[in-house]
Each structure stands twice: as C-alpha cells, then as structure tokens.
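Heads up: the structure comes next, in structure tokens.
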Amino acid sequence: MESTRIMSNLPVEGHLPGFDGATGWLNSPPLSPADLRGKVVLVDFWTYTCINWLRTLGYVRAWAEKYEDHGLLTVGVHTPEFPFERDVDNVRAAAKDMRVEYPIALDSEYAVWEAFSNQYWPAVYIADADGRIRHHHFGEGGYEECERVVQQLLRDAGRDAIPDDLVSVADDGFEAQADWANLESPETYLGYGQAQHFASPDGAERDEPHAYAAPDQLRLNQWALSGDWTIGRGACVLDGVDGRIAFRFHARDVNLVMGPRVRGTPVQFTVRVDGEAPGAAHGLDVDERGHGTLSEQRLHQLIRERGSIADRTFEITFLAPGAEAYCFTFG
C-alpha cells in the first residue's frame with residue numbers, strides 16, 4: 001500500500017508541450033493534441049549513438065509493448081547530437097535495427113527539446129491523461145519508479161486490469177547495463193570543441209591536416225593520434241592510411257562513435273588491446289582477430305572484456321583514409 005500512497009501524491013510538473021516543432025515523424029503520422037487526449041503519454045528523448053540511452057532502451061521498448069493496449073502512448077523524440085544524426089535515413093535505419101517501433105518525432109532543429117526545456121539524453125517525461133507532466137527521470141536508472149508511475153496514472157485514468165508486475169529485459173549487446181563497479185573511464189569527445197586528455201606531442205592543430213605521433217606511454221584516460229589527421233571541432237578525420245587512435249582505459253566495454261566520411265565508402269580497421277588481438281574480449285563490431293569494417297555512421301562496440309578489469313591500452317588502426325571518429329564511451 002505504501003507505493004500506491006506515494007504515487008497518488010505525484011506532483012504536477014507542468015503541461016505536456018506537445019510536438020508541433022517536430023521536423024518529421026517515423027512509425028506514425030504527426031501526433032496532434034487530439035491524438036494525445038485521454039492517454040497517459042511517455043516521452044523519451046534520445047539520439048541513436050548515445051550509449052546511456054541505449055542502456056535504457058530495453059525498458060522503454062518493453063513499457064511501450066506492455067501498456068499500449070492499456071492506454072499508454074510512447075513517443076520517442078530523436079534530437080541529434082552529431083551532424084549525421086540529422087539524416088533521416090540514418091535515424092530510420094537505426095530505429096529499425098534497434099526495434100524502436102513506437103512513434104518517433106524527429107527533432108532536428110531542437111524545437112521539441114526547447115519546448116520541454118530539456119537538457120539530457122536520455123530523458124523521460126510521463127504525463128497523465130489530462131496532459132499534465134507528473135514525473136520525469138534524467139539519465140539511466142529509475143526503471144521501477146517510472147513503471148510504477150505509468151501503472152498508477154493508467155489506473156487514475158480509469159483503465160482496468162493494469163498489470164502490477166514489472167518488466168524484465170534482456171541484458172546483452174548495447175543494452176547491457178554498465179559495469180559501474182569497474183567503470184573508471186569517462187565519455188571522451190575527440191573533436192577540439194570538447195576534447196580532453198589529448199596526449200600527442202605538440203597538441204592539436206585545429207582544422208588543419210597534421211602528422212601526429214603517440215607518446216611512448218599513456219596515463220589512464222589519455223588518448224593520442226598517430227598518422228595524418230585533421231582535428232575538427234566535432235571529430236577527428238583521417239587523411240592518410242594506417243591512422244591510429246590509442247586510449248588508455250579502465251572499463252569492461254569500449255565503444256566509439258565513428259563512420260566513413262563518405263557514405264558507401266567502407267574503411268577497414270583493426271583493434272588491439274595491449275598490443276594483442278582482442279580474442280574473446282572482442283565487441284559486437286569486430287571479430288576475435290580484431291578485424292572490422294567501418295560502413296555506417298553510428299556507435300560501434302569494439303571491446304567487451306569477459307575477464308578481470310584492469311588498466312589497458314586500446315588501439316584502433318584504420319587502413320584507409322576517410323574515417324571520422326567522434327566520441328569514446330565506456331561501460
């Protein structure tokens with residue numbers, strides 16, 4: 001009875017702004033205020049390369065499926081972080097691969113983001129059947145609380161036979177929860193606009209081609225380039241062959257947002273950990289020998305350690321020019 005009493009006292013945080021600023025829609029025609037009327041609405045802000053959002057997706061997908069017939073409308077608002085995430089074809093392909101089947105409002109101009117005064121990926125807002133926001137959660141976690149709110153608001157709306165159990169989701173692939181106890185490496189951007197801990201001698205040459213070298217050793221969470229690169233505001237772009245990025249990390253997973261600069265021009269790459277092929281520690285996008293192909297602009301899982309976690313040096317070498325690398329994330 002305690003949880004019910006807490007839920008009945010949910011605050012009113014404001015009115016649901018709606019989606020008039022969306023630049024397009026996937027999986028649905030545009031949703032108007034009339035389409036939302038009388039429904040409990042869960043709004044999930046996402047961008048398809050965000051590992052923090054990916055680790056919440058299993059829950060949002062499961063809620064959408066479980067409660068749709070009970071009156072829950074789930075809307076994903078795709079607000080891009082990187083330039084290629086404004087490409088509708090990229091978003092459409094990502095949504096298909098990730099099984100995001102509920103309505104998606106494309107928010108390429110950040111109009112919906114601003115209407116909600118949102119600042120985070122991921123962010124969940126839950127509104128009652130009268131269009132009042134009654135709960136929000138920023139970042140990962142809070143899954144039981146969010147689902148209990150959905151259940152209570154559906155009951156408050158007069159819906160019958162609302163399940164009282166909680167969803168259970170698969171903990172694998174990109175959607176696996178982070179190994180928080182062993183995660184000591186932060187999200188690290190590679191473009192000079194947000195880059196930190198860059199360790200190549202002489203620093204970065206902004207927006208100019210330059211031949212970089214890596215130091216003999218990297219300290220934890222330092223990274224370096226080798227080869228001919230141009231460091232732009234948002235990404236590092238490889239200008240020659242055999243360009244390398246090295247990163248000293250401490251985590252179970254190593255992910256990298258990257259892609260070919262020119263669509264349809266794949267770039268082969270190899271991955272090493274402490275100078276060796278990853279073997280059983282390979283991620284989804286490489287084989288045991290560390291071989292992979294860069295063919296899409298997205299998040300790539302390169303390492304998933306199966307054994308003990310320690311400080312290690314990760315290296316990725318691109319065998320042809322044209323690779324763009326944006327951001328490392330870890331799990």
Applying the 4.5 Å side-chain criterion to the ILVMFWY set and letting contacts propagate, would [X] and [Y] be lumped into a single cluster?
X	Y	result
W121	V124	no
L31	L42	no
W25	W46	no
V257	F249	no
W63	L36	no

Counting heavy atoms not belonging to [X], are there more than 12 under 6.0 Å from its [atom1]?
X	atom1	result
R219	CZ	no
D202	CG	no
E184	CD	yes
R272	CZ	yes

Any donor-acceptor pair under 3.5 Å linking the side-chain atoms of [Y] with those of [X]?
X	Y	value
R263	N90	yes
E81	T47	no
Y125	N118	yes
N221	H197	no
H137	E145	no
R248	T313	yes
E85	T49	yes

Considering only heavy atoms from C-beta outward, does the side chain of [X] approach that of [Y] to under 4.5 Å?
X	Y	value
V149	L10	yes
Y326	L190	no
P321	V241	yes

Report task. Look at the side chain of Y212 and the backbone N and O of E205, then say whether any donor-acceptor pair between them is shorter than 3.5 Å. Result ->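 Yes, the answer is positive, given that a donor and an acceptor are paired below the 3.5 Å cut-off.
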
Query raised in the report: Between S200 (side chain) and A213 (backbone), is there a donor-acceptor pair under 3.5 Å?
Result: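 Checking the backbone N and O of A213 against the side chain of S200, a donor-acceptor pair under 3.5 Å is found.
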
Value rounded to 0.5 Å, distance of [atom1] in [X] from [atom2] in [Y]:
X	Y	atom1	atom2	value
I303	N255	CD1	CG	10.0 Å
T23	L106	OG1	CG	5.0 Å
W53	E140	CH2	CD	12.0 Å
R99	E65	CZ	CD	7.0 Å

Could you tell me whether [X] and [Y] have their ring centroids closer than 6.0 angstrom?
X	Y	value
W223	F328	no
Y120	F45	no
F314	F247	no
Y110	F116	no

Query raised in the report: Between W229 and F318, how do the two ring planes meet: parallel, tilted or perpendicular, split at 30° and 60°?
Result: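 Because their plane-to-plane angle is over 60°, the rings of W229 and F318 count as perpendicular.
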
Query - Qualifying residue for side-chain contact (heavy atoms from CB on, under 4.5 Å) with F269, from T317, L238, V286, L319 - result: V286

Query raised in the report: Given L154 and Y67, is the side-chain contact (heavy atoms from CB on, under 4.5 Å) satisfied, shown in steps?
Result: CA-CA 9 Å; L154 289 171; Y67 297 106; 3.8 Å; yes

Query raised in the report: Excluding sequence neighbours, so at least two apart, what forms side chain to side chain donor-acceptor pair (under 3.5 Å) with D171?
Result: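 Applying side chain to side chain donor-acceptor pair (under 3.5 Å) to D171 gives none.
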
Requested in this report: May I ask you to say whether R92 pairs ionically with D97, meaning some side-chain N is under 4.0 Å from a carboxylate O?
Outcome: no

Requested in this report: Of all the heavy-atom pairs spanning T188 and Q196, show the shortest one and how long it is.
Outcome: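 For T188 versus Q196, the nearest heavy atoms are CG2-O, 4.1 Å.
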
